[in-house]
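What follows is a short report on a single structure.
A, B, ... follow the sequence lines: proteins, then strands. Residue 1 opens every chain. Computed from heavy atoms alone, side chains included, the values below leave out hydrogens, waters and symmetry copies.
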Amino acid sequence: MKASARLVVSLDSHGNSVVRVLRSMTPLTLVPHRRVGPVALVHLVSSVTAPLGGDSLSLTVEVGPGASLELRGVAATLLLPGSSGAVSSSVVRFLVEGTVSYLPEPTVVTSRARHTAVVEAELDGHAQLRTREVLVLGRADEKPGTLSSTVRATRCGKPLLHQQLVVGDPSVDASSAGLAGKRVVGTEVVLDSVERGSDGGEWWSVVPLAAGGTLATALGDDVVTVTRVLDAI
Amino acid sequence: MLTALILADSRFPGGGHVHSGGLEEAAARGLVVDEPSLRSFLHGRLLGAGLLAAGFAAAAARGEDLDLLDAELDARTPSPAQRSASRAQGRGMLRAARRAWPSARLEALPRDPHQPLVIGVLVGEAYEAALTCAYLAVSGPASAAVRLLGLDPFGVNAIVASLAVEDVASQACKELPALGSPALDLLAEAHVRREGVRLFGS
């Protein structure tokens, strides 16, 4: 299945963030909330079981100056293998001049899945972005398939964060220099001009990025422990 | 080739001996205690942080813009403790290199450069630079393990010799990597916060 969806949000003359373009394409179904206000709320609903091996999904999101968007998931994403054994892929691209909060639910890498996920964000000088990723290596007692997940964010063309996370190689997942044998890895990046100090514990940290912004990282054995860290920033 | 050998030599006075690449923290937590757990640590470190560093050494050796590479490596190093360890080792290496191999390209490096960029500029050939960098990503922590855990030097040396350093160096020459190392980043941040005696700077 190949699908591309598009969402454009801009500020109207009353100071409300309004959805100007809403183009869904199964399985990427965008459901806007009815409330009108300074923040537009849109849910991203997977309207068919996806992604399966061979699927190629792409979503483009544009948020204009002064506008604010909260884009949320409604359910965990299960990465599943297809009958062909082909790789599936998803690309989410943000062009931000306002404020975006992208909070999908956890992604579960099931056995034999092969997926490539990319999130790209281009921010202008005053744009703000918050995005979260929680990866679960397999369902209960299941070995994970393979996933490459990349985040690249730039501000006015300059790189802020570029991280690829690869899971599914047992020798690296188990290494204390890899994923330390943890089943759940979560990150939340906040790209804004707020300065936050470093903090951390045994398997979590909140740190300032070199060119502005903050990254929270947590490794754990369950989603609740990991999201508790991410909720704190 | 001789430059690469000198940089990879543990007797090179670049200050690399004070960095354990996360091994001290891993050992303090009991995550690395013997040869099998050290092998697993070094394997993960090589395929993650080692590949990333080697890719930037190769790019610097190819003559790519050093300021752009420095900014790109910063964006790929979210942990401030890791950035500071990389720049401290770059600064130490640069100090020794200015006497040994003065050049205009060396002076074109940004202030307190990341170590892989210094290695790339000095070695000047992509694969050799990547190989030097990938080897240093495991040789330093391996020698720290001998000192911290009292492991058998022959056994540890055999582990280093068995790692896929050449494969990682070849892969690093293909495209600029962006591989993250979440556990290593968390170990590095925890090491900085650790109270009490620390033998290593990272």
If you count heavy atoms of other groups shown closer than 6.0 angstrom to [atom1] of [X], is the number above 12?
| X | atom1 | value |
| --- | --- | --- |
| A:Arg112 | CZ | no |
| A:His126 | NE2 | no |
| B:Glu107 | CD | yes |

Could you tell me the separation between the [atom1] atom of [X] and the [atom2] atom of [Y], rounded to the nearest 0.5 Å?
| X | Y | atom1 | atom2 | value |
| --- | --- | --- | --- | --- |
| B:Asp74 | A:Leu161 | CG | CG | 11.5 Å |
| A:Arg152 | B:Glu72 | CZ | CD | 4.0 Å |
| A:His162 | B:Thr77 | NE2 | OG1 | 12.0 Å |

Can you tell me which portion of [X] sits under 4.5 Å from chain A's heavy atoms? Options are side chain, backbone, both or neither.
| X | result |
| --- | --- |
| B:Val32 | side chain |
| B:Leu47 | side chain |
| B:Arg29 | side chain |
| B:Arg83 | side chain |

Look at the side chain of B:Arg193 and the backbone N and O of A:Gly201, then say whether any donor-acceptor pair between them is shorter than 3.5 Å.
->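 Yes, because the side chain of B:Arg193 sits within donor-acceptor range (under 3.5 Å) of the backbone of A:Gly201.
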
Atom group of A:Leu160 that falls short of 4.5 Å from chain B, counting heavy atoms |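 Just its backbone gets close to chain B.
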
Which answer fits A:Asp169, side chain, backbone, both or neither, if we ask what part of it has an atom under 4.5 Å from a heavy atom of chain B?
->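 It is the side chain, since no backbone atom gets that close.
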
What residue in A:Ser171, A:Gly213, A:Ala180 has the most heavy-atom pairs under 4.5 Å with chain B?
->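 When all of A:Ser171, A:Gly213, A:Ala180 are compared, A:Ser171 has the most.
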
What option among A:Val207, A:Val166, A:Thr154 has the most heavy-atom pairs under 4.5 Å with chain B?
->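 Option with the greatest count: A:Val207.
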
Heavy-atom side-chain proximity of A:Thr217 to B:Asp185 below 4.5 angstrom =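 With C-beta onward as the side chain, the pair stays apart.
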
Heavy-atom closest contact ([X] atom, [Y] atom, distance):
| X | Y | result |
| --- | --- | --- |
| A:Val172 | B:His43 | CG2-NE2, 4.1 Å |
| B:Ala183 | A:Ser176 | CB-O, 3.5 Å |
| A:Trp203 | B:Leu31 | CZ2-CD1, 3.8 Å |
| B:Gly44 | A:Ala177 | C-CB, 4.0 Å |

Among B:Gly180, B:Gly48, B:Ala178, residue most engaged with chain A (heavy-atom pairs, under 4.5 Å) |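 Heavy-atom pairs under 4.5 Å are most numerous for B:Ala178.
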
